[in-house]
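Data first, discussion second: the structure below is written as structure tokens.
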Amino acid sequence: MESELDRADAPVLSVKDKNPIVTALKTAMGETGLRLVIAIVTVSFISALLSLQAAASRLLFSFGRERMIAGYAFFGRGSGQVPIAALIACGIAPALFVLIGYVREDALTTIASFAVAGIYVAFQMIVGAALFARWHGWNASGAFRLGRLGWPVTVAALAYGITAIVCIAWPRSPEAPWYANYAALLSTVAVVASGLLYMAVGRPFRTNSIAAAPR
């Protein structure tokens, strides 16, 4: 005998339901449970949004302060402990990307895929730099040190990160256009290439105060 849950899932399985998550939650938890879940997810989303904006704005501010990015005179300014210009820029930039979603339906999916892959790429740049530094004789200092485990842990972390990036960027929609199927990979390569090009042409590392400070 067909259960109520099976009947509710039928539109989801047949792709007639355009919002299956809401349908599944409402069927399993009822209207009140659905609203509670939405409230929790909304709070979590806002918290993540604010933390990412804060991190990105302070990163942008630090690059501006050290004259390592175009527009440093604007981004390197702040009021007290708040980098106002960088905060505004980190609010406007994602809003502009969201507006692209009104032009192309698959734009937000591409942006989300790149965002996930981009986080892993950023982390692995740090791990790769640590491995490069260890190769040239650097030893970590401070209260927490891995000792002899430093090398294998760093190598394992880099291998895991690269594997995760490959899994995220791996094309899984052969029916989609090539640029949509390889969107995560193409966008990641474009961002990294533009950064390397800026380093080669602008050479910002020659002008920042930290690199120029006497040792």
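Keep in mind that the numbers below use all heavy atoms, side chains included, and drop hydrogens, waters and symmetry copies.
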Between L131 and W151, is any pair of side-chain heavy atoms under 4.5 Å apart?
yes
Using the rule that Ile, Leu, Val, Met, Phe, Trp and Tyr join whenever any side-chain heavy atoms are under 4.5 Å apart, tell me whether L59 and M68 fall into a single cluster.
yes
Under 6.0 Å from the OH atom of Y120, do we count more than 12 heavy atoms belonging to anything else shown?
no
Which pair of non-hydrogen atoms, one from G150 and one from L146, has the smallest distance, and what is that distance?
N-CB, 3.6 Å
Could you check whether any side-chain heavy atom of F123 comes within less than 4.5 Å of a side-chain heavy atom of V127, counting everything from C-beta outward?
no
For W138, look at atom CH2 and say whether over 12 heavy atoms of other residues, nucleotides or ligands are found less than 6.0 Å away.
yes
Linking I/L/V/M/F/W/Y whenever their side-chain heavy atoms sit closer than 4.5 Å, directly or via other members, would F74 and F63 fall into one cluster?
yes
For F132, does the CZ atom sit with more than 12 other heavy atoms under 6.0 Å from it, leaving out its own atoms?
no
Is the shortest heavy-atom distance from the side chain of L34 to the side chain of M29 under 4.5 Å?
no
To the nearest 0.5 Å, how far apart are CG in L158 and CD1 in I126?
12.0 Å
With rounding to the nearest 0.5 Å, note down the distance linking CG in L50 to CD in Q53.
6.5 Å
Heavy-atom nearest pair, Q124 first then I162, reads CG-N, 4.3 Å
Out of curiosity, does L52 fall in the hydrophobic cluster containing I92 (side-chain heavy atoms, cut-off under 4.5 Å, transitive links)?
no
Minimum heavy-atom separation for S57 and L87, please, with both atom names.
OG-CD2, 3.3 Å
Check for me, please, whether L25 and V41 land in the same ILVMFWY cluster - side-chain distances under 4.5 Å, paths through other members count.
yes
Just how far is it from atom CD1 of I168 to atom OG1 of T188, taken to the nearest 0.5 Å?
9.0 Å
Taking the side chain as C-beta and beyond, is there a heavy-atom pair between I38 and R35 under 4.5 Å?
no
Which heavy-atom pair separates L60 from F75 by the least distance, and what is that distance?
CD2-CD2, 3.5 Å
Test of understanding: clusters of I, L, V, M, F, W, Y form through side-chain heavy atoms closer than 4.5 Å, transitively. Do M125 and L196 belong to the same one?
yes
For R134 and T154, work out which heavy atoms get closest and say how close.
NE-OG1, 3.3 Å
